[in-house]
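Structure first, commentary second.
Numbers here simply count residues along the sequence, with the first being 1. Both ligands and their constituent atoms are indexed starting at 1 by order of listing.
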Amino acid sequence: MPATSVIGAQWGDEGKGKIIDLIADRADVVVRFQGGANAGHTVIVDGQKSVFHLLPSGVLHPGKLNVIGNGVVVDPTVLLEEIDQFESRGLELRNRLLLSGAAHCVMPYHRTLDALKEGEKAGVKIGTTGRGIGPAYADKANRCGVRLWDLVDEERLRVRLAANVADVNRLITALYDAPPLDADALYETARAQGRRLAPMVTDTGRTLRGLLAEGKHLFFEGAQGVLLDLDHGTYPFVTSSNADSLGIAAGTGVPPTAVGHQIGVAKAYCTRVGAGPFPSELHDEVGERLRAGGGEFGATTGRPRRCGWFDVPAARYAAQLCGFSGLAITKLDVLSGMEEIGLVVGYDVDGLGRVDEYPVDTPLVERARPVIETYPGWSEDIRDVRSYDDLPSTCRSFVDEICRRVGVPWELLSVGPARESTIIRSVA
Ligand code: IMP
């Protein structure tokens with residue numbers, strides 16, 4: 001069976017959690033391949049809300065194996081808190097959670113560096129989640145990171161930490177006038193965390209390739225979204241990993257051909273949290289209405305999300321980049337009651353004129369003013385609708401228009417926050 005992936009088709013927060021949870025139900029193994037505790041997937045099951053930052057969503061499904069791949073940056077403090085939280089709810093986890101030894105750790109000094117960099121008066125403010133993600137990936141690329149294999153080896157950990165903390169202290173005291181960090185205290189905490197995590201740390205790439213060969217259904221769960229991708233998003237206003245399907249092979253150690261079915265998740269409108277260009281952003285009461293109706297506040301930081309209309313060229317760019325086989329369109333119910341609904345179909349880019357394709361280069365995206373077409377809305381509450389044919393005709397037309405313009409058919413439509421408020425056409 002080909003593996004499946006679910007990827008955010010916008011700027012993150014597309015409502016992936018629910019879609020991921022539904023697909024996790026049909027998979028044998030759920031794998032995270034990038035990002036870290038900057039993610040926040042909210043899932044509502046039996047009226048109970050769960051927010052995950054690091055754990056794959058398969059943890060909610062008894063009997064599923066969950067894997068954190070080498071492309072993830074793991075904050076051991078957050079991971080252990082989540083494990084404890086789950087186990088305290090009576091859910092068994094330790095025997096079905098594997099961690100790649102090659103995954104890098106987010107150490108406390110990464111958070112310190114993230115905060116200091118964002119707090120600089122000069123320089124670009126990204127509006128990060130403050131979870132130390134950028135500095136952890138920077139150490140990975142700079143070949144001085146602490147991997148989980150180092151965390152569980154006390155001698156390696158001691159040597160690595162001593163060198164890193166000495167470097168960090170030189171930097172933060174000289175550049176930011178911040179107090180130095182205590183390497184011994186960091187080592188003691190990290191060593192204790194390593195001892196707890198050690199039984200779960202392994203070569204998950206080998207495990208996953210073996211499971212693929214056995215015909216198991218692997219499911220790769222994306223965090224953030226294509227337009228926050230380090231290489232293909234609105235750089236520098238991006239996260240520090242490949243938050244699209246291109247990150248799967250590198251972030252897990254499976255061949256790129258493994259994933260046959262890619263689902264792009266797009267909200268029926270757009271949101272963005274943090275700084276950076278957002279051509280379809282609405283600065284008026286319509287944007288306010290979307291924020292309030294959609295509960296658009298960050299799951300990780302609680303920050304209000306910027307809101308705007310669905311951006312067709314941006315979603316088409318995401319679809320073409322990732323090769324989406326289908327779309328999951330979420331939060332359609334949030335649009336109920338709006339007289340008119342906008343769809344961004346192109347842009348007027350200062351200096352370039354009218355363009356129909358997403359302009360990619362960040363200054364051009366910044367200069368892009370949206371060309372908006374409006375569609376009639378619907379007044380009905382659609383949360384209890386369970387088939388496409390029973391949706392109001394204007395809602396069906398809106399969905400069809402999105403799919404036609406993006407060039408990808410829908411597979412799932414989410415019409416409410418609950419797991420059952422979903423219309424499913426086909427899911428592998
Ligand atoms: P970082 O990943 O914390 O470094 O933040 C970089 C950018 O990505 C900021 O604009 C964040 O708001 C954004 N970001 C990171 N994680 C998420 C997410 O899960 N959803 C939405 N935006 C995110």
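- Heavy atoms of Asn38 found under 4.0 angstrom from ligand 1 belong to the backbone as well as the side chain.
- Using a 4.0 Å cut-off between a side-chain N of Lys or Arg and a carboxylate O of Asp or Glu, Arg306 and Glu281 qualify as a salt bridge.
- No side-chain N or O of Ser57 forms a donor-acceptor pair with one of Asp21 less than 3.5 Å apart.
- Side-chain contact check for His283 and Glu288: no donor-acceptor pair (N or O, by modelled atom type) lies under 3.5 Å.
- For ligand 1 and Arg303, the ligand atoms under 4.0 Å from any heavy atom of the residue are 11 (C), 12 (O).
- Those atoms of ligand 1 that come under 4.0 Å of a heavy atom in Trp11, given as number and element, are 21 (C), 22 (N).
- In the model, Gln224 has a side-chain atom that pairs as donor or acceptor with a side-chain atom of Asn38 under 3.5 Å.
- Annotation for ligand 1: atoms under 4.0 Å from non-hydrogen atoms of Val238 are 6 (C), 7 (C).
- In summary, the atoms of ligand 1 found under 4.0 Å from a heavy atom of Ala39, numbered by their order in the structure, are 19 (O).
- Side-chain N/O atoms of Gln262 and Ser5 include a donor and acceptor closer than 3.5 Å.
- For ligand 1, the polar-atom distance check finds no N/O of Gly134 at less than 3.5 Å from any of the ligand's N/O atoms.
- Among protein heavy atoms, the minimum distance from atom 5 (O) of ligand 1 is reached at Thr128 CA, 3.3 Å.
- Closest heavy-atom approach to atom 13 (C) of ligand 1 within the set Val73, Leu227, Leu228: this belongs to Leu228.
- Counting atoms of ligand 1 from 1 in the listed order, those under 4.0 Å from a heavy atom of Gly127 are 9 (C), 10 (O), 11 (C), 12 (O).
- A salt bridge between Arg383 and Asp333 is absent, with no side-chain N of the basic residue lying under 4.0 Å from a carboxylate O of the acidic one.
- Using a 4.0 angstrom heavy-atom cutoff, Gln224 counts as in contact with ligand 1.
- Protein heavy atom in closest approach to atom 20 (N) of ligand 1: Asp13 OD1, 3.1 Å.
- Using modelled atom types and a 3.5 Å distance limit, the side chains of Lys18 and Ser414 yield a donor-acceptor pair.
- We find that Arg303 and Glu296 are not joined by a salt bridge, their nearest charged nitrogen and carboxylate oxygen being 4.0 Å or further apart.
- Ion pair Asp84/Arg196 flagged as a salt bridge, since at least one NZ, NE, NH1 or NH2 atom sits closer than 4.0 Å to an Asp/Glu carboxylate oxygen.
- Ligand 1 has a nitrogen or oxygen under 3.5 angstrom from a nitrogen or oxygen of Thr129.
- Closest to atom 2 (O) of ligand 1, if we only count protein heavy atoms, is Thr239 OG1, 2.6 Å.
- In this structure, atom 10 (O) of ligand 1 lies nearest to the protein heavy atom Val273 O, 3.3 Å.
- Taking the six-membered ring for Trp and thresholds of 30 and 60 degrees, Trp378 and Phe398 have ring planes inclined between 30 and 60 degrees apart.
- Considering backbone and side-chain N/O atoms, Arg272 never comes within less than 3.5 Å of an N/O atom of ligand 1.
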